[in-house]
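Side chains included, hydrogens not; waters and symmetry mates left out as well; all remaining heavy atoms used. This one's a predicted model, so the numbers in the text were calculated from it and none came from an experiment. The sequence lines fix the lettering, A, B, ..., with proteins before strands; numbering per chain opens at 1.
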Amino acid sequence: MFEGWLLFIFILAYLSLLFLIAYYAERREKAGKSIVSNPYVYSLSMAVYCTSWTFYGSVGKAATSGLSFLTIYLGPTLMASLWWIILRKIIIIAKENRITTISDFVGSRYGNSLFLSALVAIVALIGITPYLGLQLKAIMKTFSILAGETKGSAAAGWFITLILGIFAIIFGARRLDSSERHEGLIFAIAFESIVKLIAFLLVGFFVTYGLFNGFADIFEKIKDSNYGDLLFLGGGTSVSFNEWASLLFLSMMAILFLPRQFHVSVVENSDVSHLSKAMWLFPLYLFLINIFVMPVAFGGLLLGGSQADADSFVLTIPLGQRQSLLALIVFIGGFSAATGMVIVESVALSTMVMNNLVMPGIFRFNKMKGFPAIILNLKRLIILGCVFLGYFFAVSIGEFYSLVDIGLKSFEAVTIFAPSIILGLYWKRGNKIGAIGGIIAGFVIWFYTLFMPALLKAGVIHERGFFSSLINSQIFNPHALFGLSGLDKWSHSLFWGLLFNLMFYIGLSIFTKQGGEEEKQALLFVESYSPRMLPMKGIYSIRQIEDILGQYIGRKEAREIVELFISRHGIKREDISQDELFRLRDEAERVLSGALGSAIATIIFEDKVTLTEQERGEISSSIKQMTDTLRLSRQELAEANRNLAYLKEFSENIIESAPVGIVTVDSSLTVKYWNKEMEIITGIKRNFAHDRYIANLLPWIRREIFAQSELNEMLVQAPSLQMFKINISPFKDPSGGHVVILEDITEKKKMEEQLQQASKLASLGKLTAGISHEIGNPLASISSLVQELKSLKMESGEDREFSSESLKTINSHIERIAKIVRSLGDFARISTKEKIPSNISEILDRTINLVKYDKRFKNVQLVPNIDILPPFRFNPDQIQQVFLNLMLNSIDAMPDGGELTVSMKKIDSSVEIVFSDTGSGIDETIIDRIFDPFFTTKSPGRGTGLGLSICYGIIREHNGTITVKSRKGEGTTFTIRLPVE
Amino acid sequence: MNSKELWPFLFLIGILLFNWPSLAIFGLFLPHYLFGAWGLFILAIGISIKKNGKPGNPSV
């Protein structure tokens with residue numbers, strides 16, 4: 001036992017030690033030799049998670065419910081494995097956006113909403129109050145145990161609360177925060193973590209090996225006792241698997257969303273890489289501090305303690321064994337555990353209350369004299385208020401519940417933030433209305449199912465009237481909401497709270513729209529986009545920035561901050577650039593965020609900015625442009641990339657599968673693409689062709705063609721006698737280049753020639769009857785004359801004269817037949833492919849002579865009007881074929897005779913040949929199709945329909961034109977124009 | 001497996017280790033099982049960090 005006053009001195013001494021340690025750490029930081037910026041201090045500071053709940057409550061929970069206390073530490077261990085994904089993202093976002101509290105984080109995510117920040121602050125304040133009360137209850141109880149007196153314990157409790165409040169102010173509100181980080185506080189917390197770990201390990205070791213014979217001995221004994229089921233879970237025990245899972249989940253949420261955990265792991269983080277060590281160091285700490293929990297709990301029971309007092313076993317066992325020093329160490333350890341929580345939590349809560357509830361109302365009074373002092377004192381009052389709120393909870397409600405019970409209520413409370421934060425990090429659609437709806441729904445469920453029953457039990461509120469019928473109804477029973485019974489109270493509250501929270505968050509987010517600011521913030525958070533603010537052309541000066549800062553944090557502080565920034569960046573005051581001014585403004589806004597919250601800091605600076613209309617417009621459109629551009633998120637970009645890759649592959653497949661050769665060349669005629677068909681056509685492999693000069697690969701393509709700016713098509717014969725149709729078109733792209741399409745038309749050309757030959761023979765076939773008559777007549781005459789000559793004796797002069805005349809006639813007939821046969825032979829032979837200088841008038845004459853062999857020509861009056869023209873280059877056989885086809889068609893159209901006018905004359909640089917008949921004419925509905933292959937108006941067997949299409953092809957090959965004019969019943973006129981080459 | 005896949009995988013292993021049915025399977029030795037699995041899980045985190053270097057790429 002210790003005297004009460006002695007314990008107070010120990011408490012004060014310990015707190016003073018903590019203060020000195022904090023002070024030392026801050027001095028080192030100011031000197032640029034921080035002892036806090038390392039992963040070990042970071043990990044130990046996270047151990048503020050282990051409060052008097054761990055020190056006392058876990059033992060109490062182990063003694064009453066067995067192993068379920070482990071969920072409170074296994075949950076954070078599991079969550080630690082996801083820290084690199086979740087917590088790291090939160091830290092980066094918080095740093096980028098100058099976020100200093102969890103309420104700021106939520107508000108910032110959803111469009112910098114002050115209302116949402118305020119809502120989160122209120123929920124946190126109400127939710128964490130029981131947790132604060134838990135610490136104070138533990139301190140007061142253990143103080144009473146150690147001092148051995150219950151009289152005056154209320155006054156002692158009040159006094160301890162006041163001391164803790166004052167020290168919280170000293171640690172967290174000595175001056176208005178010039179930065180969100182408190183190296184001194186963090187170092188003190190890390191020190192406390194070591195103290196409480198050592199204290200617990202000492203008492204654990206004492207109980208396990210001092211009073212018993214080790215772990216095995218304790219577990220054997222407890223198994224054989226009435227408390228044997230404490231070693232098991234599930235059916236038949238006091239803890240179901242449901243409850244186990246719920247507690248595990250709650251503790252996973254708590255390690256992220258308890259305001260003090262957010263503060264130490266996010267706000268106080270100096271280097272995100274420290275997280276990698278903390279991911280295993282912190283769980284290791286939890287492991288070590290829990291090793292002896294069960295031995296102490298079971299040891300207490302085995303030594304005759306009752307489950308109702310199990311919370312204090314850690315203290316009562318050494319006291320009972322007259323180990324006063326150990327008991328004092330344990331008390332200091334427990335006090336350490338409680339103090340750390342109270343200080344950090346009250347500083348975090350006060351920052352939230354200050355930034356989100358108080359400052360929005362008063363920041364516009366910044367011109368008031370002594371405004372910085374007012375803000376500072378307000379913050380101090382709020383810290384005291386938070387601590388005393390916990391005290392009142394402890395004395396009024398806390399006595400009805402165990403420490404763990406009180407703590408779990410707070411765990412359930414902070415789980416309310418989980419959907420809007422976790423989903424808000426990964427789902428851009430999550431919006432402000434959804435977050436507000438979800439948080440309110442979750443809070444109502446929490447309050448109704450957990451907090452209100454506590455108030456009822458404590459007699460703070462009473463069951464009366466409508467309220468009584470409500471909570472005793474089947475639907476609205478707070479322990480079995482909507483008739484769902486059979487669950488433990490934690491699982492029950494968690495289930496309904498999370499269900500309604502998610503329903504409202506997701507439902508409202510889907511069915512309501514996001515504002516522009518929300519969209520921007522959603523993008524910043526989900527994509528962790530680091531906004532590069534535009535350097536403003538605004539009229540900022542160093543002086544102005546100092547003034548703004550000074551209005552809120554004091555002139556001296558403001559000047560120090562500006563001087564520190566200038567010296568750190570080696571800037572000359574008189575010579576500061578716009579970019580440096582912008583960064584100084586950024587630093588000033590960051591400092592104000594630490595003091596007043598990022599939303600207020602932004603508003604302050606926005607108010608201070610005086611921009612011209614044009615500058616506002618420019619900035620606004622730039623931001624809009626950035627936002628519009630940013631809309632293409634990483635995922636959408638990945639999707640676009642996939643589509644692009646698919647399209648590229650698809651296009652390549654098309655080009656590779658095309659039955660024509662495709663080559664692309666750049667402006668220097670270097671091959672850049674060479675498809676599969678080109679390999680087949682030319683036998684040149686793609687790898688060889690790439691980056692080579694096309695003229696070297698395809699020397700038979702004239703270089704000059706590439707100089708043309710328009711599409712060029714030509715027929716070229718390669719040395720291998722293959723015939724190619726080449727299409728060369730320039731790229732529209734300014735960088736230049738061409739696409740060359742090569743089509744092997746060798747076979748096609750062969751077929752065309754065969755077709756032409758067949759058409760020729762077909763034309764000749766039409767003349768057969770006439771020709772056989774033309775040949776038959778002279779042959780008959782020759783035959784007759786030969787017979788006559790055979791009968792002559794050649795004795796008289798008459799006979800000799802007749803013989804001479806007959807031979808002349810026979811010769812003439814033979815010459816005529818020979819001429820016919822020659823002209824037929826000339827026409828029927830396979831056409832030459834070449835254009836040679838020829839006399840077109842002669843060709844026309846020759847054709848007319850051939851046509852005269854057709855019997856039907858006798859009824860046709862030929863009207864020639866043919867100029868004598870000089871020779872020029874054309875294919876004589878092909879042109880003769882055209883003339884013959886057209887004239888035979890005209891004769892076909894005049895079965896009863898008519899007139900065929902054939903005229904030829906030179907017009908400019910062309911020769912015009914006109915065939916005009918007075919035949920049946922062509923119907924205007926079909927006149928556009930007469931040059932189509934296989935189109936014929938003749939009955940089947942009378943025409944192939946190829947004649948005119950071949951004529952058209954021949955004329956096109958000569959770069960000429962063939963046109964037709966006709967009217968039904970009035971005749972047809974074909975006009976051919978051939979360029980004179 | 002990159003670190004972005006590793007951590008969720010490790011997390012799921014942990015969920016499996018510290019819930020039903022694993023707890024039912026090891027029901028007779030729960031304290032030993034829980035502390036043993038807990039220690040191994042912490043070791044797994046530590047080894048994973050060491051093997052991956054600085055876990056994860058700079059972007060989140």
Side-chain angles (χ1 to χ4, degrees), chain A residues 62 66-67 70-71 73-75 77-86 88-93 215-216 219 222 230-235 237 240-242 244-245 248-249 252 272-273 275-277 279-287 290-291 294-295 298 425-426 526-530 634, chain B:
Chain A
L67 294 158
L70 277 175
T71 55
Y73 311 98
L74 288 173
T77 303
L78 286 173
M79 191 48 96
S81 66
L82 291 180
W83 273 354
W84 196 256
I85 296 172
I86 300 178
R88 183 169 161 271
K89 187 169 185 174
I90 293 174
I91 292 170
I92 290 172
I93 291 166
F215 288 92
F219 284 120
I222 210 71
L230 293 175
L231 292 170
F232 304 100
L233 283 173
T237 71
S240 64
F241 286 119
N242 278 341
W244 172 275
L248 207 61
F249 181 80
M252 279 165 52
V272 77
S273 66
L275 205 50
S276 58
K277 272 248 165 40
M279 280 168 74
W280 63 270
L281 266 178
F282 175 64
L284 182 63
Y285 180 95
L286 297 178
F287 181 88
N290 280 283
I291 284 180
M294 280 191 298
F298 297 161
L425 284 175
Y426 298 101
V526 175
E527 301 296 336
S528 300
Y529 171 69
S530 169
R634 234 182 271 132
Chain B
M1 190 191 282
N2 69 37
S3 59
K4 267 198 169 172
E5 295 159 355
L6 175 63
W7 303 119
F9 176 71
L10 206 57
F11 173 75
L12 288 172
I13 295 287
I15 294 286
L16 203 65
L17 280 175
F18 299 119
N19 272 295
W20 184 88
S22 305
L23 298 179
I25 292 167
F26 294 97
L28 294 176
F29 315 98
L30 263 180
H32 308 84
Y33 168 73
L34 281 170
F35 275 90
W38 193 0
L40 284 172
F41 191 78
I42 295 169
L43 196 63
I45 295 176
I47 291 172
S48 302
I49 288 167
K50 219 176 161 64
K51 272 201 173 328
N52 274 295
K54 279 273 185 314
N57 56 42
S59 65
V60 293

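- For the set B/Leu10, B/Leu43, B/Leu23, the count of heavy-atom pairs under 4.5 angstrom toward chain A peaks at B/Leu23.
- In this view, B/Ile13 and B/Phe9, B/Leu17 satisfy the side chain to side chain contact (heavy atoms under 4.5 Å, CB included) rule, not counting sequence neighbours.
- For the pair A/Ile85 and B/Phe11, the minimum side-chain heavy-atom distance is 4.5 Å or more.
- A/Met294 is listed as a side-chain neighbour of B/Phe35, based on a closest heavy-atom distance under 4.5 Å.
- Residue contact with chain A, scored on non-hydrogen atoms closer than 4.5 Å, involves the side chain of B/Phe41 exclusively.
- Side-chain contact between A/Leu74 and B/Leu34: present, with at least one pair of heavy atoms (C-beta onward) separated by less than 4.5 Å.
- With a 4.5 Å cut-off on non-hydrogen atoms, A/Leu233 touches chain B through its backbone and its side chain both.
- Residue contact with chain A, scored on non-hydrogen atoms closer than 4.5 Å, is absent for B/Ala44.
- With sequence neighbours excluded, the residues that form a side chain to side chain donor-acceptor pair (under 3.5 Å) with A/Thr77 are B/Trp38.
- Within the 4.5 angstrom heavy-atom criterion, only side-chain atoms of A/Leu248, from C-beta onward, approach chain B.
- For a residue to count as touching a neighbouring chain, one of its non-hydrogen atoms must lie under 4.5 Å from one of that chain's; by this rule A/Phe241 touches chain B with the side chain only.
- The candidate with the highest count of non-hydrogen atom pairs below 4.5 Å against chain A, out of B/Pro31, B/Ala24, B/Gly39, is B/Pro31.
- With a 4.5 angstrom heavy-atom cutoff, A/Leu286 touches chain B via backbone and side-chain atoms both.
- A/Leu231 touches chain B through backbone and side chain together, each having a heavy atom under 4.5 Å away.
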